[in-house]
Amino acid sequence: MNAVLFDFSGTLFRVESTESWLRAGLAATGARLDDDELTAAAQRLEELGALAGGAEPVRVPDGLAELWATRDQSSEAHRAAYTGLSRLVPLPDPGLHDVLYDRHMSPAAWTPYPDAADVLRKLRERGTAIGVVSNIGWDLRPVFRAHGLDAYVDTYVLSYEHGVKKPDPRLFALACERLGVDPRETLMVGDSRPADGGAAALGCRVHFVDHLPVDRRPDALLPVLELSG
């Protein structure tokens, strides 16, 4: 393999828990909830899938279904979809919904998986080209820079910057074009079979990892070194 493409959320990084996210938002605004209220609100936010990168919604409300389907195709749709979900949960300050959305884009909200840096470094030492292909509505590059992983990435292909989302093969094709590699000599690594599996249409090899909390997935990326060797 001459190149490896990685998904972002659930593959290289994991977002904080919904409760941690809500606590950070409360701290930023000075708003307060007692412990029982906070636990209940966090649980409801998680059920709704209001934290991007966290749990998928149990059910998307009818009024947000169309917006949800296109959320990764523009930054405006992404913010509207996720704040629309969070606004279904009463919070002590109406401004919290936008504060929470902004929080999820901050590097502090994300943690690399334990083996991510090691795998990226070893791929770079081999001379393997590295790309990140993500369905997302905001610029994740600052997250990589803050955690010291940006130096390993040769290109980022982000859905909202191109108006299409995975599994559309155009995103994977663009990443391969930018890296100057044949898709048939490229490995795509992701956590979503429906989305990341789209790379197979170009002839890429695809490897899946489980979208688990960081402390429950210490070494799932290590097989990438063997698969790409």
Side-chain angles (χ1 to χ4, degrees), residues 1-15 52-54 71-75 78 104-107 109-183 185-202 204-212 214 217 220-225 227-228:
M1 295 291 164
N2 291 327
V4 180
L5 307 178
F6 290 93
D7 173 53
F8 166 57
S9 174
T11 300
L12 290 175
F13 284 82
R14 171 78 182 209
V15 75
R71 69 194 183 281
D72 293 319
Q73 292 171 227
S74 75
S75 57
H78 197 269
H104 106 275
M105 296 187 290
S106 70
W110 295 88
T111 302
Y113 281 97
D115 51 350
D118 188 44
V119 168
L120 292 173
R121 177 179 56 80
K122 288 178 178 176
L123 289 172
R124 174 49 54 89
E125 289 172 352
R126 291 178 181 176
T128 303
I130 298 171
V132 171
V133 183
S134 177
N135 281 351
I136 199 165
W138 50 276
D139 186 4
L140 52 72
R141 295 172 183 88
V143 175
F144 279 77
R145 287 196 292 269
H147 290 279
L149 301 185
D150 179 65
Y152 301 121
V153 180
D154 298 296
T155 192
Y156 297 88
V157 177
L158 311 181
S159 62
Y160 84 102
E161 293 181 336
H162 303 284
V164 294
K165 63 179 183 177
K166 299 181 291 186
D168 193 312
R170 287 177 289 179
L171 290 179
F172 307 107
L174 178 58
C176 291
E177 179 183 341
R178 287 181 175 179
L179 296 174
V181 297
D182 188 323
E185 297 173 350
T186 300
L187 174 67
M188 175 67 205
V189 182
D191 68 302
S192 171
R193 283 168 171 76
D196 301 309
L202 295 177
C204 297
R205 187 172 182 179
V206 184
H207 176 67
F208 297 106
V209 294
D210 292 325
H211 189 153
L212 294 171
V214 167
R217 217 196 75 188
L221 291 170
L222 294 181
V224 171
L225 297 173
L227 291 169
S228 61

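What you are looking at is a predicted structure, and each value in this text was computed from that prediction instead of being measured.
- Annotation: the span from L140 atom CG to M105 atom CE amounts to 11.5 Å, rounded to 0.5 Å.
- Closest of all the heavy-atom pairs between S134 and F8 is OG-CB, 3.8 Å.
- Using a 4.5 Å heavy-atom threshold, the side chains of F6 and L120 count as touching.
- A distance of 6.0 Å or more separates the ring centres of Y152 and F144.
- Contacts of Y156 classified as side chain to side chain donor-acceptor pair (under 3.5 Å), with partners at least two apart in sequence or in another chain: D150.
- With D196 contributing its side chain and D191 its backbone, the two residues share a donor-acceptor pair below 3.5 Å.
- Minimum heavy-atom separation, V133 to K166: O-NZ, 2.9 Å.
- Going from atom CG of L187 over to atom CG of L227 covers 6.0 Å, rounded to the nearest 0.5 Å.
- To the nearest 0.5 angstrom, D72 atom CG is 8.0 Å from I136 atom CD1.
- Evaluation of the ring pair (Phe, Tyr, Trp, His ring centres under 6.0 Å) rule for H104 yields H78, Y101, W138 as partners, not counting sequence neighbours.
- At a threshold of 4.5 Å between non-hydrogen side-chain atoms, the residues H211 and S9 count as touching.
- Once rounded to the nearest 0.5 Å, the distance linking CH2 of W110 with CZ of R14 reads 9.0 Å.
- The environment of CZ in R170 is sparse: at most 12 heavy-atom neighbours from other residues, nucleotides or ligands sit within 6.0 Å.
- M1 places a side-chain heavy atom less than 4.5 Å from the side chain of R205.
- The residue from T186, L5, T128 that alone fulfils the side-chain contact (heavy atoms from CB on, under 4.5 Å) condition with L179 is L5.
- Sorted by first and then second residue, the salt bridge (charged side-chain N to carboxylate O under 4.0 Å, His left out) pairs with a member in residues 134-144 read D139-R141, R141-E161; sequence neighbours excluded.
- Legend: salt bridge (charged side-chain N to carboxylate O under 4.0 Å, His left out) pairs involving residues 172-182, not counting sequence neighbours, sorted by first then second residue: D182-R184.
- Shortest non-hydrogen contact noted between P112 and L149 is CB-CD1, 4.1 Å.
- In this structure, F172 has no ring pair (Phe, Tyr, Trp, His ring centres under 6.0 Å) partners at least two apart in sequence or on a different chain.
- Minimum interatomic distance between A199 and V206 (heavy atoms only, all atoms of both residues): CB-CG2, 4.2 Å.
- Taking 4.5 Å as the limit, some side-chain heavy atom of M188 sits within range of a side-chain heavy atom of D7.
- For R217 (side chain) and G10 (main-chain N/O), a donor-acceptor pair under 3.5 Å exists by modelled atom type.
- Here the side chains of L221 and L12 are in contact, with some heavy-atom distance below 4.5 Å.
- Residues meeting the salt bridge (charged side-chain N to carboxylate O under 4.0 Å, His left out) test with R124, sequence neighbours left out: D154.
- A pairwise comparison of heavy atoms in V214 and P114 identifies CG1-CD, 3.7 Å as the closest pair.
- Across all their heavy atoms, P223 and H207 have their closest contact at CB-NE2, 4.2 Å.
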